[in-house]
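Here is the structure we will look at, set down as structure tokens.
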Amino acid sequence: MQHELWNDAAGGFNPVSAPDYLPEAQLREIQLRRLKAVVKRAYDNVPLFRSRLEERDLTPDSIATLADVAKLPFTLKSDLRDTYPFGLFASPMHDVVRLHASSGTTGKPIVVAYTREDLDVWSEVMARTFAAAGLHRGDIVQNAFGYGLFTGGLGAHYGVEALGAAVVPISGGNTDRQIMVLRDFGVTAICATPSYFMHLAEKAMDMGVDLKDLPLRIGVFGAEPWSDALRARMLADTGIQAFDIYGLSEIIGPGVAGECQQHEGLHVFEDHFLPEIIDPVTGEPLPDGEEGELVLTTLSKKAMPMIRYRTRDITTILPERCGCGRTVRRIRRISRRSDDMFIIRGVNVFPSQVEAALFSVEGTLPHYQIILSRDHGLDQMSVEVEVTPDVFSDKVRAMEVVRARLAHAIEHILGIRVGLRLVGPHTIPRSEGKAKRVVDRRND
Amino acid sequence: MKLPQLSVFLENRPGSLAEPLRLLADARINLVSISLADTEQFGILRLVLKDWQAAKNVLERDGWVVNVSDVVAVDVPDEPGGLVGMLDLLAAEGVNIEYMYAFCLRRNGRAVLIFRFEDPDAAIATLARVKLAVVADNELF
């Protein structure tokens, strides 16, 4: 079978994506072999994992089929915190060549480790991520993910190099310089958080640089949830094809899954990561096609194997074969986390629902912030939305109509009353990294 | 004839009116007329000025959201009943007014008013027909 993505710009065979097209039986065989090995590795080297198996009278020999993974205990983020910094490492420091850490907004960060082999796998899955997005040799990729302890920057960096494209390691921030490089270097693709790219696009417009006039054609976006409506807006405003990627430091960093040109879910690089969907309340496995929490097992990690790691990300495994020909299964785009959810007056709300409502009202930019407060013991939710030239009118009545339409759209989706405030442009804080969509002042 | 009017979105907070006006002052741009519409949440500052394009650039460069709309300057006798007589004529002709405010200008015993009509072109035609004086921009700036 021949696929266009296997071919690089020069027309040569690009084998980087080959594992994405493995016959299913062969893929499952590889997964089972690797699952057995990684369980044994964790059992032999990670005391916490070993004691949890012993509590359940399990040994590595308990894994005979892929379905047996459901017998294994979950690993939680708190396990990484409780064993901070190196308690879940399965390799001696002698074999570890890289350490990363999460930003740790609450309490201690979590630390992750890589052996030389782990870095090679990481580069490979990132190269496959970029190949799926249509990148190849000859592309110039501006990597605006932050370099440093965050896995985004270096993960994407080595992936671009492994693919054979050219990486511009500009890291995040310094937006004026980003725009200069974008224009002067003839950059063809950019990696960033979607909110930072929108900030950059806005700044470029202010500077009189129209991104549509540049060779830039592909955006690879991750590290925060974003919507299909934003994808359409990026195409309209900047002329780029936007691709969603998925990953998390605990598993490897970016490179767990990525979109192909079909934009119908993200292909999980299943030969290295085994995905499961569980009911987030009961922990019971759910069949493919049902929505629940994504649980991942690293099949080839050496320094820090993660067995049944609960990602808190809500998605669905899409078992149907993708139109691109890849055999590795897809997950639906992740729009919410069981963590991001907040409860207001008994209603479960995800920020993505508010975003969908705002988009449904014509011409509204996605710069918004949800403010939760408490007034006389009653929880209040208000949404601040920045006014854009598209919706601004000299007539008070027209502005009141815009405000009411936005409020109604949100109330319609959530079924609760919300306050809606139109605020001036650039008044909601822009993050160079992740967007802060919810400000909870209920306990201030 | 139609005049361009700039509208600026203001948040309802202390200092928000002075900020855009200071920008224009620093750019040595003079205002001819100013009006402020306010609601509980936000305000809309409306400006008529000669260098409206320069003013728009200055404001937008600083991140303000600016809208340009057409208004019509009409002069009426500066005496009791002068405005009412004109409004009666417009009402009789079915001309819809979105909002209006007074120009800071009196000339030859007449006062200049700024009207935002629903349909400025139709309104100008009507004003001509009922012989109400529309003030040209070179008479204002």
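Sequence lines set the chain letters: A, B, ... in the order given, protein chains first and strands last, and positions in each chain run from 1. Below, each value reflects all heavy atoms present in this structure, side chains not excepted, and no hydrogens, waters or symmetry copies.
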Would A/R333 and A/D244 pass as an ion pair if we require N to O under 4.0 Å? yes

For a side chain to side chain donor-acceptor pair (under 3.5 Å) with A/H367, tell me which candidate from A/H426, A/E202, A/E386 qualifies. A/E202

Quick one: what part of A/D206 sits under 4.5 Å from any heavy atom of chain B, side chain, backbone, both or neither? neither

Side chain to side chain donor-acceptor pair (under 3.5 Å) against B/R129, all qualifying residues, sequence neighbours excluded: B/E93

Could you tell me whether A/K212 and A/D237 make a salt bridge, using a distance below 4.0 angstrom between a side-chain N and a carboxylate O? no

Would you call A/K395 and B/E118 a salt bridge, taking side-chain N to carboxylate O under 4.0 Å as the test? no

Expected contact set for residues 45-62 of chain B against chain A at heavy-atom separation under 4.5 Å reads B/R46

For the interface with chain A, which of B/L6, B/V8, B/L10 has the highest count of heavy-atom pairs at distances below 4.5 Å? B/V8

Apply ring pair (Phe, Tyr, Trp, His ring centres under 6.0 Å) to A/F221 and list each qualifying residue two or more places apart in sequence or on a separate chain. A/F197, A/W226

Any ion pair linking A/R403 and A/E400 (charged N to carboxylate O, less than 4.0 Å)? yes

Proximity breakdown for B/V66 and chain A, heavy-atom pairs closer than 4.5 Å: backbone

So what's closer than 4.5 Å to chain A heavy atoms on B/F9: side chain, backbone, both or neither? both

Pairing residues for A/E411 by the side chain to side chain donor-acceptor pair (under 3.5 Å) criterion, not counting sequence neighbours: none

